[in-house]
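When reading the values below, keep in mind they use all heavy atoms of this one structure, side chains included, and skip hydrogens, waters and symmetry mates. Residues: numbered from 1 along the sequence shown. When a ligand or atom number is given, it counts from 1 through the structure's own listing order.
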Amino acid sequence: TVPNQPIECVPTVVVEDDRTGLSVETLKRAFQDNLFYIQGKFANIATQNDYYMALAYTVRDRLLRRWLTTAETHTHQGVRTVAYLSAEFLMGPHLGNNLISLGIYDEAKQAITELGLDFDALLQQEEEPGLGNGGLGRLAACYLDSMASLDIPSIGYGIRYEFGIFDQDIRDGWQIESTDKWLRYGNPWEISRPEWAVEVKLGGHTERYTDENGRNRTRWIPHEVVMGIPYDTPILGYKTNTATTLRLWSAAAAESFDFAAFNSGDYFRAVQQKTVSETLTKVLYPNDESAQGKKLRLAQQIFFVSCSLQDMMLILIRQGIPLEQFHEKFAVQLNDTHPAIAVAELMRLLMDEHGIEWDTAWRITQKTLSYTNHTLLPEALERWGMGLFSTLLPRHLEIIYEINSQFLDDIRRKFPNDDARLSRMSLIDEAGERYVRMAHLACVGSHAINGVAALHSELLKQDVLRDFYELYPEKFSNKTNGVTPRRFMVLSNPRLTNLITSKIGDGWIKHLDDLRKLEAFVEDADFRQQWRDIKLAIKQDLATYIKQVNGIDVDPTSLFDIQAKRIHEYKRQHLDVLHIITLYNRIKANPDVHITPRTFIFGGKAAPGYFMAKLIIKLINSVGDVVNNDPDVRDRLKVVFLKDYNVKFAQRVYPAADLSEQISLAGKEASGTGNMKFSMNGSLTIGTLDGANVEIRDEVGAENFFLFGLTTPEVYELKAKGYNPYHYYESNPALKAVIDRIASGGFSNGDTNLFNPLVSTLLYKDDYLLLADYQSYIDCQDRVSQTYLDQEYWTRLSILNSARMGKFSSDRSIREYCEDIWYVKPVAVELKEYVQAGT
Ligand code: H53
């Protein structure tokens with residue numbers, strides 16, 4: 001028999017047993033069984049990780065029937081499936097989420113507690129799969145949760161990086177990176193499927209030949225072939241039987257040994273090829289919002305895209321479905337341009353590997369693919385140098401040239417005599433060194449193009465993709481981002497969840513618009529008191545953590561003002577710092593001045609090669625060192641940088657905020673999703689009219705949102721007329737005093753060089769207009785401080801913020817994608833009845 005051929009055997013007999021039962025007693029037995037038989041330990045030598053693994057396997061067993069039945073149901077019904085292609089999936093820990101989806105969180109907690117173990121410690125033990133940088137990867141994870149919860153046939157395809165986003169430590173105020181060894185102690189959630197491995201070609205050259213039917217065809221003779229091994233993780237929907245799949249590809253050598261080298265005695269060289277192949281999926285590139293043009297990165301992209309498209313084809317072929325129906329069976333979403341090579345790869349597979357003619361292949365490709373743009377930042381738009389591209393992907397380049405030639409003909413017909421337009425829109429950037437423009441490729445090869453917030457989608461049409469909008473207006477739409485309330489409310493904020501549910505039932509968890517029912521309780525003083533008590537208790541927990549990790553005492557009744565996200569100049573963490581120093585200056589000028597006590601909390605990683613971002617981290621810590629220890633401050637201000645901000649930690653941070661900082665320069669943040677997570681958990685927002693802030697403010701009401709700063713048109717106008725930051729510095733004494741304190745070494749023991757790169761960038765360049773927005777920000781922060789003094793009023797605003805966040809559930813986003821772009825409908829999964837043993 002062939003090892004990868006399925007063999008039909010006797011029908012499965014299923015019993016309600018220690019692998020399926022959901023009662024506390026059964027969970028306990030299963031846990032002990034797994035500790036012994038899977039971890040191979042007696043309790044007296046078991047580690048915390050052994051206990052975590054035993055519990056994880058206990059939970060995984062309970063997912064498997066749903067998982068396999070879902071796959072079987074979708075296959076039998078022959079439904080259209082969403083394939084979400086993303087180079088990043090920032091899933092966060094699986095254990096707690098799966099317990100919630102299964103509806104056995106409390107039972108599991110009781111079982112573990114009765115066995116004398118610390119349940120929360122076991123949850124904390126899970127090493128999260130940090131297979132993403134920030135918003136883009138986390139959005140993909142929220143979308144998988146919503147697709148499963150809404151019973152949408154779907155699969156996430158990505159890369160199984162051996163090392164995910166680096167771990168961040170802070171030493172002497174600086175960020176220090178170390179490798180994230182997330183697989184070190186094993187990953188109980190994945191199942192490898194080596195029998196479904198596929199091969200990916202790289203490099204080499206192409207040849208023409210005539211096939212047996214006399215047709216001219218192209219053959220690609222690669223320089224190298226790499227194997228892609230799929231690893232599958234179940235994604236269980238919330239309280240439904242649907243469990244979809246996250247399929248991540250790991251690279252391996254096509255041949256474990258180079259036998260020629262082996263036979264000639266060069267054992268080392270024989271094994272070398274294996275190492276080279278495996279480097280392909282070794283590590284995640286740690287840049288958010290910047291493209292570097294590195295060969296390995298392009299190799300990662302073609303690798304996972306080719307594996308995924310081949311996998312979809314094999315799924316059809318196994319069922320005897322002709323590939324001409326590919327687009328009827330799969331809707332493939334490109335999460336940014338990272339998977340945009342799919343346009344050329346799908347064409348290549350259909351034509352070169354499966355003999356389909358160009359026109360048919362092109363129709364299939366366009367009907368299959370759709371593209372989400374996530375950024376307006378020029379440095380994040382991917383382009384690949386021609387040298388690199390032609391060396392690695394010679395066949396794809398030929399296909400792209402042909403697509404481009406037909407595309408440019410099309411433009412010539414529609415816009416005659418417009419050469420400037422042709423060169424702007426070409427898939428190849430010909431100004432100077434030649435590049436392949438991935439966003440253009442994605443636009444041409446897709447039937448739908450969307451932005452991720454209303455403002456962002458408008459700006460795409462007016463600016464970055466304007467020519468494409470003029471050519472294909474019908475392709476464009478907006479799909480405002482959303483986040484899953486299962487992870488970011490139910491799991492991360494059980495206290496608030498219980499309070500909400502006690503008032504309005506638990507329907508809101510699947511229908512987030514139901515949170516509106518909370519508005520009825522805004523005038524209920526008891527309810528407000530409970531709401532406040534919960535927030536205080538959560539802040540107390542975070543204060544304890546801060547004391548343990550940072551050694552800083554913070555007052556849980558002070559205003560918790562939090563900015564947690566990747567560190568980037570456009571996000572303007574340093575504007576927040578300018579505010580802190582402004583308050584500090586007021587205290588230094590008059591120690592008795594009235595100040596609303598605040599704890600400023602920051603979290604986030606900087607790309608390791610991004611010097612300015614790393615200097616901002618150093619500045620935050622340096623300001624903290626001074627402010628936290630100055631007796632004049634009398635503990636009214638505290639500044640804390642929380643190291644190693646990741647999903648697990650974010651879940652603790654969102655619920656603890658009073659104020660969420662969403663202060664990017666207008667027109668720069670495509671959407672933001674942290675803004676939504678904070679607000680759902682009852683924090684108020686101080687923000688600019690950027691990204692989804694605009695819509696959040698529309699939903700919660702202008703009177704419940706602290707707005708400041710220039711609008712996008714004002715930003716354009718100011719830049720057009722010539723922006724001079726120095727003018728703001730000179731003419732605003734408070735601002736001048738802040739900058740001078742940094743420049744004169746006030747936070748660097750008198751060293752005037754340390755922060756000079758930051759100071760001079762602000763004074764003479766200031767691309768992100770911090771100085772222009774400074775006064776508006778400070779005035780707004782003063783209103784925040786004033787408002788916080790009236791706790792009853794603040795609590796009303798806090799409740800209204802949560803109550804009006806229904807729109808920002810990722811369930812709403814996914815419904816819109818399904819209706820407007822994917823044309824995919826929910827499919828109910830019925831679990832087969834259990835058959836008792838022996839019947
Ligand atoms: O994607 C988020 C947005 C956010 C945007 C982010 C993003 C990345 O994390 C990485 C690359 C990129 O082009 C965009 O910055 O505004 O909320 C999800 O759409």
Side-chain angles (χ1 to χ4, degrees), residues 84 86-90 130-144 146 158 164-165 284-292 297 301 333-340 371-383 438-439 442 449-457 459-460 464-465 478-484 488 563-573 604-607 610 613 645-647 650 660-679 687-696 712 768 808 810 813-814 816-817:
Y84 199 87
S86 181
E88 304 187 7
F89 284 94
L90 197 43
L131 309 186
N133 276 284
L136 174 117
R138 184 52 234 177
L139 184 77
C142 283
Y143 282 1
L144 292 188
S146 282
I165 187 67
L284 166 76
Y285 276 87
N287 311 311
D288 200 57
E289 296 259 19
S290 88
Q292 274 193 326
R297 173 77 171 169
Q301 295 184 351
Q333 188 68 31
L334 307 177
N335 196 26
D336 218 303
T337 55
H338 315 146
Y371 160 54
T372 305
N373 173 292
H374 294 263
T375 187
L376 300 159
L377 298 190
E379 64 267 34
L381 295 176
E382 289 191 298
R383 328 174 291 164
M438 299 310 275
I449 303 166
N450 73 282
V452 290
L455 172 68
H456 170 239
S457 297
L459 295 173
L460 280 181
V464 181
L465 298 178
N478 171 245
K479 297 286 166 281
T480 298
N481 285 168
V483 303
T484 171
F488 292 105
Q563 188 167 15
K565 51 183 73 211
R566 287 297 290 242
I567 313 291
H568 203 297
E569 285 166 282
Y570 85 79
K571 296 182 190 279
R572 305 198 295 189
Q573 278 90 357
K605 295 176 184 178
Y610 187 174
Y645 184 71
N646 56 14
V647 177
S660 142
E661 299 270 351
Q662 306 300 335
I663 62 177
S664 52
L665 175 65
K668 293 291 177 190
E669 188 70 89
S671 162
T673 41
N675 45 5
M676 304 167 186
K677 297 165 196 167
F678 278 112
S679 192
T688 49
L689 283 180
D690 199 16
N693 293 354
V694 178
E695 292 156 79
I696 292 176
T712 308
Y768 304 106
F808 303 99
S810 42
S813 314
I814 288 301
E816 292 179 5
Y817 278 97

Selection from [options] by shortest heavy-atom distance to [atom]:
| atom | options | answer |
| --- | --- | --- |
| atom 4 (C) of ligand 1 | H338, E669, M676 | E669 |
| atom 8 (C) of ligand 1 | L136, T337, D336 | L136 |
| atom 5 (C) of ligand 1 | H456, E289, E88 | E289 |
| atom 17 (O) of ligand 1 | G135, A140, G672 | G672 |

Can a side-chain donor-acceptor contact be found between [Y] and [X] if the only test is distance below 3.5 angstrom?
| X | Y | answer |
| --- | --- | --- |
| E289 | Y570 | yes |
| N335 | T372 | no |
| N481 | H374 | no |

Exercise for review: Measure the shortest side-chain to side-chain distance between S664 and T688 over non-hydrogen atoms and say whether it is less than 4.5 angstrom.
Suggested key: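 Side chain of S664 against side chain of T688, heavy atoms only: contact under 4.5 Å found.
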
Point to revise | Heavy-atom side-chain proximity of L377 to K668 below 4.5 angstrom | key: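 Yes, close enough: below the 4.5 Å cut-off.
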
Enumerated ligand 1 atoms positioned under 4.0 Å from heavy atoms of [X]:
| X | answer |
| --- | --- |
| A670 | 16 (O) |
| Y570 | 15 (O) |
| T375 | 13 (O) |

**Study point:** For ligand 1, the portion of N481 having any non-hydrogen atom under 4.0 Å away
**Key:**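 The part of N481 near ligand 1 is the side chain, not the backbone.
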
**Study point:** Nearest non-hydrogen partners of Y817 and Q333, listed with the distance
**Key:**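 Shortest heavy-atom contact: CE2-NE2, 4.0 Å.
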
Exercise for review: For atom 19 (O) of ligand 1, find the nearest protein heavy atom and state the residue, atom name and distance (0.1 Å precision).
Suggested key: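 Ranking protein heavy atoms by distance from atom 19 (O) of ligand 1, first comes H374 ND1, 2.6 Å.
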
Review point. Quick one: nearest non-hydrogen protein atom to atom 10 (C) of ligand 1, plus distance?
Key: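 Atom 10 (C) of ligand 1 sits closest to the protein heavy atom D288 OD1, 3.3 Å.
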
Point to revise | Option passing side-chain hydrogen bond (donor to acceptor under 3.5 Å, both in side chains) with Q662 (candidates E669, Q563, K565) | key: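 Of the listed options, the one satisfying the test is K565.
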
